Protein chains: 2
Amino acid sequence: MQDDAWSPTPVLLTVDLVILTLRQGDLHILLVERGEDPFRGMLALPGGFLNHDGEEILDAAHRELNEETALASSWVHLEQLAVYGDSGRDPRGRVVSVAHLAIAPGLPDPVAGTDATDAAWVPAEAVLSGERELAFDHRRIATDGIEHARTKLEYSSLATAFCGEQFTIAELQQVYEAVWGTALDTRNFYRKVQAAKGFIIPAGTDRRTTGGRPARLYKAGPKTVLFPPLTRPAPPATGQTTTGGDE
Amino acid sequence: MQDDAWSPTPVLLTVDLVILTLRQGDLHILLVERGEDPFRGMLALPGGFLNHDGEEILDAAHRELNEETALASSWVHLEQLAVYGDSGRDPRGRVVSVAHLAIAPGLPDPVAGTDATDAAWVPAEAVLSGERELAFDHRRIATDGIEHARTKLEYSSLATAFCGEQFTIAELQQVYEAVWGTALDTRNFYRKVQAAKGFIIPAGTDRRTTGGRPARLYKAGPKTVLFPPLTRPAPPATGQTTTGGDE
DNA sequence: CCAAAAGTGTTCAATCTACACCCATGA
DNA sequence: TCATGGGTGTAGATTGAACACTTTTGG
């Protein structure tokens, strides 16, 4: 990082959010309908420019998140994902976006955005498959974000961010099954999450019942890195040499 | 990502590089001595502002890499790490840096920078321990980059980027040992790297000898994601509950 | 033939998977 | 007392760490 004689060209910074949650057992992503002109009327990730003077990037992400979900920041996991800065990605000029991943516990159905024309939860599958078109390079960003979440479930405590403050192990399992799109053995899942010490810790003597034996309640533990990790079942190897092309 | 009435504040974008290589069996990082005024004379990561008109971020990283190492881009692994944009990180104003991780095969000793006053390979340990002070928030960036490389060796083929086009399994093992700072069993390492199909593939009938039986030569295979992964030995658990504090 | 480094076989323990089984509650 | 989901035990397969041993070269 050193200066040169020429003065460097400034760019515009935006913050875009991949906000994920679970709804009726399926992974959903929050999208807004654009009210302004580049891509007006098309679905896009929530986000916006950095505020006037010296707003921190992470603060801007939090601000946008609250504008869209009206959720107490404390319950939401928020982390930086990557930068998307291709010169052609925004017709308005050189706009560089810092993408963030946010995970929220299940929210009430319709989220009327304060800012955007309209905001809605869309099944993640519809975005991954390309069924829903997105503005800018947002499909790419959303795909990257979802993939990031998938792998991070394995070795981090990210899954608890999908639950409320307290949750049962069965609820936690639903998170894994929804995000990974696979079924897991309930009984082995039990032991695995408990084997990762510090992942979840018992919460009071409370229980919650849905027809059978009441389940113990847990809350997120102090550890964010899981050991041993929860391994994702390998896809069933479709007769090919391995699992299709690579690199 | 939607517009507002006010016009957004532009920021300056830089690209900073964490360039790692192996030298005499130890992990080294390339640092330059700053010739310009903020932090003049202090060590810093190689990097610089984006070029005049619409240079792509990745292109800028490649450009800076070549200026510093004069290495054919094709042999170097280069990927984006993260964005560092805290408002106080650069005394010149709002400068946002896109950090990159570069891995290069061992290079000839002195790398006389074209741009910087001086460039030198510094043992990674000296940076991690804080023994060497770095300009800006570059120690943080370097630390993050090294940690990123460490974990990525486990599940990706990143290690081959430290070797030349062809390498022996013993050389590959040295990479793991140097980056992780642990000793590995040669014989089990053999089977593990070969079990991860597509990681390394035999290169011709060539062999290379250093005193004993000649070793087979390999080159990087098509797969970038390793399955099964090479797991890093857990640190010996120092009698504490687990491995020290967390979160 | 000896030293040195490459590569193979084998053992024993830890782990994982699959599934049988018991437990606690509401109706 | 039955249905329903929560939670535990356990046998067999798979994997992993440790280490003896064989192979191939140069001196």
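The sequence lines fix the lettering, A, B, ..., with proteins before strands; numbering per chain opens at 1. On a predicted model such as this, the values are computed, not experimentally measured, just so you know.
As a whole-Å value, the separation of Arg187(B) CZ from dT22(D) P is 14 Å. Atom-to-atom, CZ of Arg216(B) to C1' of dT23(D) comes out at 10 Å; the value is rounded to the nearest Å. Rounded to an integer number of Å, the gap from Arg213(A) CZ to dG5(D) C1' is 9 Å. dA17(D) atom C1' lies 15 Å from atom CG of Leu230(B), rounded to whole Å. Look at CZ on Phe167(A): it is 16 Å from C1' on dG6(D), rounded to the nearest Å. Rounded to whole angstrom, the span from the CG atom of Asp185(B) across to the P atom of dC12(C) amounts to 18 Å. Atom-to-atom, CZ of Arg191(B) to P of dT15(D) comes out at 14 Å; the value is rounded to the nearest Å. Following rounding to the nearest Å, Gln173(B) (CD) and dA17(D) (P) show an atom-to-atom distance of 13 Å.
Listed pair Lys192(B) / dT15(D) fails the phosphate criterion, with no side-chain N or O lying under 4.0 Å from OP1 or OP2.
The shortest side-chain heavy-atom distance between Phe199(A) and Leu172(A) falls under the 4.5 Å cut-off.
In this structure, Phe189(A) has its ring center closer than 6.0 angstrom to the ring center of Tyr176(A).
Toward the 5' end of DNA chain C, the nearer of the two residues Thr231(A) and Gly212(B), judged by each one's closest nucleotide, is Gly212(B). If Gly211(A) and Arg207(B) are placed on DNA chain C by their nearest nucleotide, the residue sitting closer to the 5' end is Arg207(B).
Side-chain N/O atoms of Tyr84(A) and Asp16(A) include no donor and acceptor closer than 3.5 Å. Inspection of the Tyr218(A) and Gln194(A) side chains reveals an N or O donor paired with an N or O acceptor under 3.5 Å.
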